[in-house]
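A quick note: this is a predicted structure, and the numbers were derived from the prediction, not measured. Read the numbers this way: they start at 1 and go in the same order the structure lists the ligands and their atoms.
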Amino acid sequence: MSSNGAQDELLMIPGPVAVSPAVLEAYSTPPPGHLTPRVIEAHGSALERMRAVWCAGADSQPFVVPGSGTIAMEMAVTNLVEAGTRVLVVDTGYFSVRMAEMLRRRGAQLEVVGAPAFGETVAAEEVARALDAAPYAAVFATHVDTSTGVRVDAEGIARAAAARGVLSVFDGVCATGGERFEQEAWGADVYLTSSQKALGLPAGLALMVVSPRALAAREALSSAPPMSLDWLQWLPIMRAYEARGGAYFSTPATNLVMALDVSLGELLASECNGQRGIAARFELHVRAARAMREAFAALGLSLVPTAPGHMANTLSAVRYPDGTDAGLVKRMAAHRVLVAGGLAPGHQGTYFRVGHMGWTVTQPALLLRTLEALEEALAQGGHRGFERGAGVAAARVQLS
Ligand SMILES: *Cc1c(COP(=O)(O)O)cnc(C)c1O
């Protein structure tokens, strides 16, 4: 077995994802205390690196707390919204529906602008029109919807909101670190994620970067959020760590914070086509997604997103070909490559999802191994409508 034994089984679901050897090593240390110098240094450094990965302004505030993507969503909701706050939700699927439900529970007055059909996105112009039709405090959108592989035009939505003095919040759980996002340039207010997706870490952290405008909106709330989610509760802790001091409110996930600093360092050291840094990391995801899409096309498989312009670079939602069903996912698992079934209500049984985000996009061999397993599984299921090796060959062209 390799030193990274878990990776003998290749995890290609849309999170959690396979992690790099350096991340695994940083994580696999006897649990350090939250005030030990190496944790203080890693925590401070990780906060600084978050601004770079998020392309966020020097005056923005990063938060890292123990939790999940759902907890990060809840943190954004409860710090910006209270009973009666008017918000617009851009609905592109499963996780937008979750966001809307959280907003309702918090008492928000909610309008939803939804994708016209399964696999479609919501155009930024449509969001702008909705923002013009009524006054809103904030707009909430899912950067990449993990249930469909549909991406929204985050730049268009953020700019439309900023131009109208409306706060914009993006659920980047399946995107941050994998899809281009320029928080400062676009004027986006909150960009949130969790550790186990495109940042390439084990699950367990909720992360976000918050603009000064959004922090001011929290300060103006008349009802405080739950204490464990309150930005103002965590703010002195984040500031203390960034100043390379320790502070305590609630115990940080120390092993994960050590690994986070390493992971963000890897993201910022990415290289692709002569580019370096986070732009190169985004480009690596573009390249991986292109390779996978070329392979699916060569195998005669079609995707759930209806047009290339809104296909995510972090995962692919692929329709089962005629005569094939969810048994395909099981047969791939028998080849030790794990992909996920469909997640969209009413469509689960019609497609599967392959994650290509985080460290795996830097490893062409792993992408090719996934496609080999797919071809094997298709053939074993009796699917004859493709030429063996065509998918792998098409991807190899893109990855070389
Ligand atoms: C995975 C995901 C979530 C939920 O994250 P958890 O860590 O499972 O709570 C939320 N939003 C999006 C877009 C996701 O992909």
Side-chain angles (χ1 to χ4, degrees), residues 11-19 54 63-78 89-103 105 112 114-115 119 121-122 139-154 157-158 168-181 188 190-209 226 228-229 253 256 259-260 263 285 289 304-305 310-317 338-345 348 351-358 360-361:
L11 192 55
M12 297 297 284
I13 64 176
V17 298
V19 305
W54 269 241
F63 291 92
V64 177
V65 304
S68 61
T70 304
I71 284 172
M73 293 164 71
E74 200 102 75
M75 189 181 232
V77 165
T78 54
V89 174
V90 179
D91 179 5
T92 47
Y94 187 91
F95 287 106
S96 317
V97 170
R98 175 174 295 186
M99 186 72 95
E101 173 61 15
M102 281 180 182
L103 288 159
R105 289 185 184 201
V112 176
T121 192
V122 179
V139 55
F140 289 77
T142 310
H143 192 184
V144 166
D145 191 279
T146 322
S147 68
T148 54
V150 165
R151 187 181 54 224
V152 297
D153 172 6
I157 293 171
S168 61
V169 178
F170 292 90
D171 171 354
V173 178
C174 202
T176 309
E179 298 278 1
R180 193 167 73 92
F181 193 92
V190 179
Y191 193 39
L192 64 89
T193 191
S194 58
S195 47
Q196 79 276 18
K197 306 241 177 141
L199 295 183
L201 292 154
L205 294 177
L207 311 95
M208 70 199 66
V209 177
S228 64
L229 299 176
L256 278 167
L260 173 66
S263 162
H285 283 79
V304 168
H310 64 264
M311 288 174 182
N313 291 312
T314 47
L315 83 150
S316 293
L338 305 185
V339 300
L343 185 63
Q348 283 107 322
Y351 70 103
F352 64 103
R353 296 172 302 144
V354 182
H356 32 82
M357 64 183 118
T360 55
V361 301

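- For atom 15 (O) of ligand 1, the nearest non-hydrogen atom from the set Thr92, Thr176, Thr146, Thr70 comes from Thr146.
- The main-chain N or O of Leu199 is found under 3.5 Å from a side-chain atom of Ser263 such that the two form a donor-acceptor pair.
- The protein heavy-atom contact nearest to atom 5 (O) of ligand 1 is Gly69 CA, 3.4 Å.
- For ligand 1, the atoms sitting less than 4.0 Å from at least one non-hydrogen atom of Val144 are 13 (C), numbered in the order shown with element in parentheses.
- Remark: distances from the non-hydrogen atoms of Met99 to ligand 1 are all 4.0 Å or more.
- Contacts of Lys197 with ligand 1, taken as heavy-atom pairs under 4.0 Å, involve the side chain alone.
- When atom types are taken as modelled, the side chain of Thr121 and the backbone of Arg151 share a donor-acceptor pair closer than 3.5 angstrom.
- Checked by atom type and distance alone, the side chain of Arg353 never pairs as donor or acceptor with a backbone atom of Gly342 at under 3.5 Å.
- With Tyr351 contributing its side chain and Leu343 its backbone, the two residues share a donor-acceptor pair below 3.5 Å.
- The main-chain N or O of Gly119 is found under 3.5 Å from a side-chain atom of His310 such that the two form a donor-acceptor pair.
- Contacts with ligand 1 closer than 4.0 Å are made by side-chain heavy atoms of Asp171 only, the backbone lying farther away.
- When non-hydrogen atoms are compared, ligand 1 lies under 4.0 Å from the side chain of Thr142 (C-beta onward) but not from its backbone.
- Annotation: atom 4 (C) of ligand 1 to nearest protein heavy atom, Phe95 CE2, 3.6 Å.
- Using a non-hydrogen distance threshold of 4.0 Å, Ile71 does not register as a contact of ligand 1.
- Under a 3.5 Å cut-off, the side chain of Ser96 and the backbone N or O of Thr92 do form a donor-acceptor pair.
- A donor-acceptor pair under 3.5 Å links the side-chain atoms of His356 to the main chain of Asn313, judged by distance alone.
- Distance from atom 8 (O) of ligand 1 to its nearest protein heavy atom, with residue and atom name: Gln196 NE2, 3.9 Å.
- Using 4.0 Å as the threshold, Met73 has a heavy atom nearer than that to some atom of ligand 1.
- To the nearest 0.5 Å, atom NE2 of residue His143 and atom OG1 of residue Thr314 are 8.5 Å apart.
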